[in-house]
Amino acid sequence: MKLLVGISRVLVGVLFIFSGFIKLNDPLGFSYKLQEYFSPEVLGLEFLVPYSLVIAIILVVFELVVGIMILIGYLPKFTVWSLLLMIVFFTFLTFYSAYFNKVTDCGCFGDAIPLTPWQSFIKDVILLIFILILFFNRKLITPVLNPISHRWIIFLSFMLSFWFCYHVLMHLPVFDFRAYKIGNNIPELMEVPEDAQKAIYEYEWTFLHNGEEVNVTTDGSYPNQEGEFVEVQTTMVEEGYVPPIQDFEIEKDGEVMTSQILDAEKLFMVVAYDLSHTEQEGFKAIQKLATEADEKGYKVVGLTASNDADQEKIINKFKLDFEFYQVDKKVLQTIVRSNPGLLVLESGTITQKKHWFDAEDIKL
């Protein structure tokens with residue numbers, strides 16, 4: 001049993017540290033995921049939405065530190081109770097999401113390892129088993145270091161976690177796992193190759209024949225079946241190829257301008273998903289950069305999900321000499337974890353991406 005406890009301790013500790021660190025690298029991304037859970041369509045806790053970032057930071061820091069605590073054997077009773085309560089809560093959440101198909105990706109490992117709802121639930125069930133082993137055998141959890149050093153290790157873990165979190169919020173995630181990372185070509189990642197795997201569907205047809213319902217299954221062709229057609233139900237058997245970037249579409253006055261803008265040889269892009277809640281001090285540096293970019297032959301555009309009134313307000317307040325185009329809010333939040341954020345593209349390839357706080361680091 002001692003060996004099993006030791007294995008469980010290492011697996012649970014390492015997984016909690018890894019999961020916590022991945023989300024700590026991108027706390028804004030995790031807060032967006034929490035907003036999905038808090039929405040009326042899922043848990044109906046919309047009053048928590050304004051506090052989603054604070055909740056996200058507390059959760060991920062605690063998750064990471066609890067992983068360290070179980071590894072070093074610090075406060076085993078408190079640690080295993082914390083692990084058990086967290087995994088029970090997460091297991092319920094992932095089951096709810098999977099069964100009712102509410103949130104398509106739990107965000108357990110951020111964008112580094114996307115998991116389907118059912119994969120997330122199975123992962124949590126396995127973790128729950130290991131944590132129960134620790135819970136019922138907590139007397140076998142012994143310190144691996146001098147107990148005097150434990151408090152200092154946990155204190156430093158908290159301090160370093162909060163410092164790292166502050167750093168990525170004031171700049172950008174250190175590790176970028178999204179499709180819009182530096183070096184990626186947006187148009188190429190939107191394309192579907194000619195030889196790409198097509199989705200496979202199964203069609204179940206229902207007919208009424210001699211007063212009885214008859215079901216016939218085909219791959220799409222209309223069945224040779226006597227009787228009156230009632231309905232057909234379609235089920236995806238195997239998913240086809242899905243491009244890494246699917247919903248990136250730039251519009252202006254109802255006209256799609258995506259290709260015209262991304263085809264620019266040199267493009268300076270200002271991304272502000274919500275102009276009514278943007279950090280406005282960033283636009284002072286942005287206007288200076290936009291002027292420089294224009295002088296050096298860059299096409300300068302702003303991308304936002306805000307309405308025309310909010311666009312006009314920002315343009316007039318900071319005397320911006322570039323236009324804003326409409327893009328889906330969720331897409332903009334995915335592109336850059338800053339509101340506003342800055343990107344430089346060359347023929348559709350992202351060459352630079354910065355938080356507005358680092359605007360001076362943009363090289364044109």
Just by modelled atom types, is the [Y] backbone N or O under 3.5 Å from a matching donor or acceptor in the [X] side chain?
X	Y	value
Thr304	Ala272	yes
Ser149	Asn146	yes
Thr206	Val232	no
Asp358	Lys354	no
Asp26	Gly29	yes
Ser19	Leu15	no
Asp328	Val331	yes
Lys329	Asp274	no
Lys23	Ala56	no
Asn184	Ala179	yes

Just checking, is any N or O donor in the side chain of [X] or [Y] under 3.5 Å from an acceptor N or O on the other one?
X	Y	answer
Gln352	Glu346	no
Ser39	Glu41	yes
Thr349	Asn185	yes
Gln287	Lys319	no
Trp205	Thr217	no

Looking at [atom1] of [X] and [atom2] of [Y], how far apart are the two atoms once the value is rounded to the nearest 0.5 Å?
X	Y	atom1	atom2	answer
Ile72	Ile141	CD1	CD1	12.0 Å
Ile335	Lys330	CD1	NZ	13.5 Å
Phe121	Phe92	CZ	CZ	11.5 Å
Ser8	Ile133	OG	CD1	4.0 Å
Glu202	Thr234	CD	OG1	10.0 Å
Ile245	Tyr180	CD1	OH	4.5 Å

Inspect the contact between [Y] and [X] and indicate whether a charged nitrogen and a carboxylate oxygen are less than 4.0 angstrom apart.
X	Y	answer
Asp176	Lys353	yes
Lys33	Glu36	yes
Lys296	Glu292	yes

Atom of [X], atom of [Y] and distance for their closest heavy-atom approach:
X	Y	result
Phe135	Arg138	O-NH1, 2.6 Å
Leu28	Arg337	CD1-O, 3.5 Å
Phe207	Phe229	CD2-CA, 3.6 Å
Leu208	Val230	N-CG2, 3.8 Å

Practice task
Report the C-alpha distance between Ile200 and Gln197 in whole Å, list the side-chain angles of each, state the deciding distance to 0.1 Å, and finish with yes or no for side chain to side chain contact (heavy atoms under 4.5 Å, CB included).
Solution key: CA-CA 9 Å; Ile200 299 175; Gln197 171 69 42; 4.1 Å; yes

Handout entry: Working for side chain to side chain contact (heavy atoms under 4.5 Å, CB included), residues Met190 and Thr258
Key = CA-CA 11 Å; Met190 294 170 65; Thr258 312; 4.3 Å; yes

Exercise for the section: Might you confirm whether atom CD of Gln280 has over 12 heavy atoms from other residues, nucleotides or ligands at distances under 6.0 Å? Expected result: yes

Exercise for the section: Might you confirm whether atom CH2 of Trp118 has over 12 heavy atoms from other residues, nucleotides or ligands at distances under 6.0 Å? Expected result: yes

Exercise for the section: Treating Ile, Leu, Val, Met, Phe, Trp and Tyr as nodes and any side-chain heavy-atom pair under 4.5 angstrom as an edge, say whether Met86 and Val54 lie in one connected cluster. Expected result: no

Practice task
Find out whether Phe38 and Glu46 are in side-chain contact, i.e. whether some heavy atom of one side chain is under 4.5 Å from a heavy atom of the other.
Solution key: no

Problem - Test item: Leu262 and Phe248 side chains (from C-beta on) under 4.5 Å apart, heavy atoms - result: yes

Exercise for the section: Could you check Val12, Val10, Ile87, Leu83 and say which one makes a side-chain contact (heavy atoms from CB on, under 4.5 Å) with Phe130? Expected result: Val12

Completion exercise
Paired with Phe16, the side-chain contact (heavy atoms from CB on, under 4.5 Å) test is passed by just one of Ile131, Ile70, Leu64, Val65, namely Ile131

Exercise for the section: Any chance you could lay out the side chain to side chain contact (heavy atoms under 4.5 Å, CB included) test for Leu43 and Tyr96, step after step, and finish with the verdict? Expected result: CA-CA 9 Å; Leu43 296 177; Tyr96 181 85; 4.1 Å; yes

Exercise for the section: Kindly confirm or rule out a cation-pi arrangement of Arg151 over Phe155, judged by NZ or CZ under 6.0 Å from the six-membered ring centre and within 45° of its axis? Expected result: no

Practice task
Could you please spell out the steps behind the side chain to side chain donor-acceptor pair (under 3.5 Å) verdict for Gln311 and Gln326?
Solution key: CA-CA 10 Å; Gln311 294 177 32; Gln326 290 285 138; 2.8 Å; yes

Problem - Trp356-Phe283 aromatic ring centre distance below 6.0 Å - result: no

Practice task
Assess the pair Phe164 and Phe21: is the distance between their ring centroids shorter than 6.0 Å?
Solution key: yes

Handout entry: Trace of the side chain to side chain contact (heavy atoms under 4.5 Å, CB included) decision for Val60 with Phe30
Key = CA-CA 9 Å; Val60 298; Phe30 186 51; 3.6 Å; yes

